[in-house]
Amino acid sequence: MEDNNNNNNDEIKVEQIKPGEGTGGEDPDPRIPAEPQQLKIPTEMPLLPVRDVVIFPFMILPLFVGRENSVNAVNEALSRDRIILLASQREVAQEDPAPDDIFDMGTVAMIMRMLKLPDGRVKILVQGLARGKIVQYSKTDPHYSVQVEVQEEGPTEATLEVEALMRNIRESLDKIIQFGKMIPPDLVMVLESLTDPGRFADLVAANMGLGVKDAESLLEMIDPVSRLRRVNELVQKELELIEVQAQIQNQAKEEMNKTQKEYYLREQLRQIQQELGEVDEKAAEIEELKEKIAKSKMPEEVEKEALKQLKKLEMMHSEAIEAGQVRSYLEWLVELPWSTSTKDRLDLKKAKKILDEDHYDLDKVKERILEYLAVRKLNKDMKGPILCFVGPPGVGKTSLGRSIARAMGREFIRMSLGGVRDEAEIRGHRRTYVGALPGRIIQGMKTAGSNNPVFMLDEIDKLGSDFRGDPSSALLEVLDPEQNNSFRDHYVNLPFDLSKVMFITTANLADPIPSALRDRMEFLELPGYILEEKVHIAKRYLIPKQTKENGITKKDVEFTDAGIRTIIEQYTREAGLRNLEREIGNVSRKVARKVAEGEKKKKIIDADGVSSYLGVPRFLGEEELDTDEVGVATGLAWTATGGEILMVESSITKGAKSLTLTGHLGDVMRESAQAALSYAKRKLADFGKPDDFFDKHSVHVHVPAGAIPKDGPSAGVTMATSLISAMSARPIRKDVAMTGEITLRGRVLPIGGLKEKSLAALRNNITNIIAPERNKKDLEDIPEELRKQINFIFARTVDDVLEAALVGGAPGKKKSAGKANAKKPAEKASKKKKAAKKAGVKISGKKKVAAGTKKSSSRRS
Ligand code: ADP
């Protein structure tokens, strides 16, 4: 040890050697009561920058010194008088602080001990001696040396304020210690005996764990009383902080205690209930769900999730809203047919028998279904195409689906997509939504109760899409065999295997189906039935079904063929069988009532008897025109509900040149009318009319049933015929109906739906149909029976049409040219008319378009 350090007193008397003064100076320091050892402080000394602490005078503390410059400074001090200046850095992180980075005010200290550590660092024990201000940096290498001015503190009077401040600080510190803050407890004791305000303030400041900034500001305060005031402020702040902190802690503790308490109470309640033999509903519910989970044969992943949810439910208060949500989710999980399936019946003979039992005709469709089953029999994992039944309402699409399910021994599920616009309807809502439910697919699967039902998606052509997402893309996923083995409903949020489901879709028209979906489907067309077929179906299927449903038998009622025919013709006007079935049901109900009232006699439903059950006929076959009329042409349209007839009326009156189109016509139809008018202008000479005829006449074309929108090009020939008839005043044959698109040069272009249109014509007692020549190939699709009843006239040009449609033929027509195509229509007397007259039914003179959804003559050429 060096001589300076061989004192046996902890107190060191400080005195700076003024430049040129040499060591000496005997003035006793008033702060130190004991006889201190006098110490001379030099004016220049090495500087040790310290990082995250401010050393106050009289503090003793160990420091680790690692930086090379700092070690050099320590060594320099040790080789001299052990005196060193400790000044704090402004930034802790600064590795190599420049003079500017070091506070000017520091503490002159004495190194009391030094220990070299194996890693090259040194540990020193220092004792602060006095405040020292750096006046100048005299050396920077290999360590800083500085000129220091020791800051002397004058004596302070023990005023009342000083006394009060010190007392206050002591009391506050006491409280702080009580809150458990780490302050050395004997500090208070030392403070009790300390009377010097400056030292008092420094001692407190050194022990409060202040930040460098606060501490440095205290170090820079030379006046002891202001220092004491500032320390008092800091202590009060600390005390307040500690009080608020304690308050917060207490609150948290209380909350915690409340839930804990509830849990314990509930647990106790449960125990008591058990003890009393009362049923604990929650436990019973959990137990029941657990059993259901075990029984439901879920895949591992699903079971894991289900058990996780169950645990969650167990922890919840059973009346909580979340508990309800978790419960219904679990109910869904356990009720879905994850791996329950029915066994397929793949006996083709039996399947054929069932299909024949349920449906008349439809041979093509049945054959395709049997093929499907045959392939399935050979290859169980076949990913078959999605079948799509296309046809107007009531032709048996749904019942065919049901029949397929029956033939295969599968469950049958049906879901209508009509008007579905929201993706969530297919795929469900996420569980975070209030009242969330799975989508229709998962709902259907739950109803099916097996994972391989026949799932019919009805009206796929009526699927909408808007801002709520595109349901067709969700549907695509459902139908895609590559993806649907792990279909993810938003609600269920776990993969569900749909690959074993046989999906069948239905549509009224194929065109509106989104093309991505269309690509995945195989279309089977069910165009509708002719009268004879309907009579047959009624006898074999509908009547037995309806009579049975109404609790009557063959002994009570008999429908004659003529009776059925009357129902079909006068009470229904449709491609399918829905209304027919309904009317048969109506008759059966009325018969049932009579039987119940005690009438024993068998009721015979014949042509005359129908009206006494069903009232006045709704449609009259005799609505056809009484006479051949000028300007009124009968067209044929193809709509979602099958074929329809479509009247076109033209009237030409003297007046300013104009063309008026009415009857809710779409753009395509309006353009068709323009083209028809242009063509009519070209035909003026043929009919002996002056060239300026249309300049002096106003033209009005009207398509009745004006409230129903209509569109499509296939009414072109009808409009041209109607216009030319009106222009030439030649009547149009009432027993001719026509369809075809026209060009300006008078050519007739092909149309779609010839079979449907033919059926519509027949329903309306029209047996001559003018159709585009290029539709001749479609005759193949028309059943023999239908073909026999209709005289088809195939036209290449509008002239061919006029030749066949106008009474007396077309004047401009070269008779030889189109002969092969444009035969004269066959005359056919209307049997219906006579029959109706006999039945006393009033016949309206004007032909009307049947009510219904006659929307458009859809184009499909
Ligand atoms: P869609 O689904 O095409 O609108 P439905 O399947 O509802 O038609 O058929 C309507 C009614 O007509 C059903 O009672 C059905 O059994 C019957 N039906 C339709 N076509 C036939 C048919 N070819 N043979 C026997 N019944 C039929």
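For ligands, and for the atoms within them, numbers begin at 1 and follow the listed sequence.
Judged by distance alone, the side chains of Asn452 and Thr342 do bring a donor and an acceptor atom under 3.5 Å apart. Asp458 and Thr506 are linked by a side-chain donor-acceptor pair at a separation below 3.5 angstrom, with hydrogens and angles left out of the test.
Contact annotation for Phe389 and ligand 1: no heavy atom of the residue comes within less than 4.0 Å of the ligand. In Tyr360, the parts holding a heavy atom less than 4.0 Å from any atom of ligand 1 are both the side chain and the backbone. In Ile537, the part holding a heavy atom less than 4.0 Å from any atom of ligand 1 is the side chain. Contact annotation for Thr398 and ligand 1: heavy atoms of both the backbone and the side chain come within less than 4.0 Å of the ligand. Contacts between Arg540 and ligand 1 below 4.0 angstrom, taking non-hydrogen atoms only, are absent altogether.
Ligand 1 places these atoms under 4.0 Å from at least one heavy atom of Ser399: 6 (O), 15 (C), 16 (O). For ligand 1, the atoms lying closer than 4.0 Å to a non-hydrogen atom of Pro393 are 4 (O). The contact set between ligand 1 and Tyr529, taken as ligand atoms under 4.0 Å from a residue heavy atom, comprises 20 (N), 21 (C), 22 (C), 23 (N). Near Asp358, with a cut-off below 4.0 Å to any heavy atom, the atoms of ligand 1 are 24 (N), 25 (C), 26 (N). The distance from ligand 1 to the heavy atoms of Leu362 drops below 4.0 Å at these ligand atoms: 23 (N).
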Working for side chain to side chain contact (heavy atoms under 4.5 Å, CB included), residues Phe496 and Asp489: CA-CA 8 Å; Phe496 189 91; Asp489 183 277; over 6 Å; no
Test His359 against Val365 for side chain to side chain contact (heavy atoms under 4.5 Å, CB included), laying out the working first. CA-CA 11 Å; His359 290 94; Val365 180; over 6 Å; no
Assess whether side chain to side chain contact (heavy atoms under 4.5 Å, CB included) is satisfied between Gln546 and Glu581, documenting all intermediate values. CA-CA 8 Å; Gln546 286 301 323; Glu581 187 171 8; 3.2 Å; yes
Between Glu477 and Phe487, is a side chain to side chain contact (heavy atoms under 4.5 Å, CB included) present by the stated rule, with each step listed? CA-CA 7 Å; Glu477 215 184 297; Phe487 172 69; 4.2 Å; yes
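For ligand 1, the polar-atom distance check finds no N/O of His359 at less than 3.5 Å from any of the ligand's N/O atoms. Considering backbone and side-chain atoms together, Gly394 places an N or O closer than 3.5 Å to an N or O of ligand 1. Between Lys545 and ligand 1, at least one pair of N/O atoms sits closer than 3.5 Å.
The local environment of CZ in Arg414 is sparse, with at most 12 non-hydrogen atoms from other residues, nucleotides or ligands closer than 6.0 Å.
Asp358 pairs in a side-chain hydrogen bond (donor to acceptor under 3.5 Å, both in side chains) with only one of the listed residues (Lys353, Arg406, Arg402), which is Arg406. Lys603 pairs with exactly one of Val587, Asp556, Val595 by the side chain to side chain contact (heavy atoms under 4.5 Å, CB included) rule, that one being Val595. With Phe503 as reference, Leu479 is the one residue of Leu479, Leu475, Val454 to meet the side chain to side chain contact (heavy atoms under 4.5 Å, CB included) rule.
Across Leu577, Leu400, Val395, Asp356, heavy-atom proximity to atom 12 (O) of ligand 1 is greatest for Leu577.
The protein heavy-atom contact nearest to atom 4 (O) of ligand 1 is Arg578 NH2, 2.4 Å. If you check which protein heavy atom lies closest to atom 13 (C) of ligand 1, you get Glu581 OE1, 3.4 Å. Annotation: atom 8 (O) of ligand 1 to nearest protein heavy atom, Gly396 N, 3.1 Å.
Proximity of Arg402 to ligand 1 is not established, as no heavy-atom distance is less than 4.0 Å. Residue Gly576 places every heavy atom at 4.0 Å or more from ligand 1.
Look at Arg368 and Glu522 and you find a salt bridge, because one of the NZ, NE, NH1 or NH2 atoms lies within 4.0 Å of a carboxylate O, short of that distance.
In terms of modelled atom types and a separation under 3.5 Å, the side chain of Tyr491 and the main chain of Gly439 share no donor-acceptor contact.
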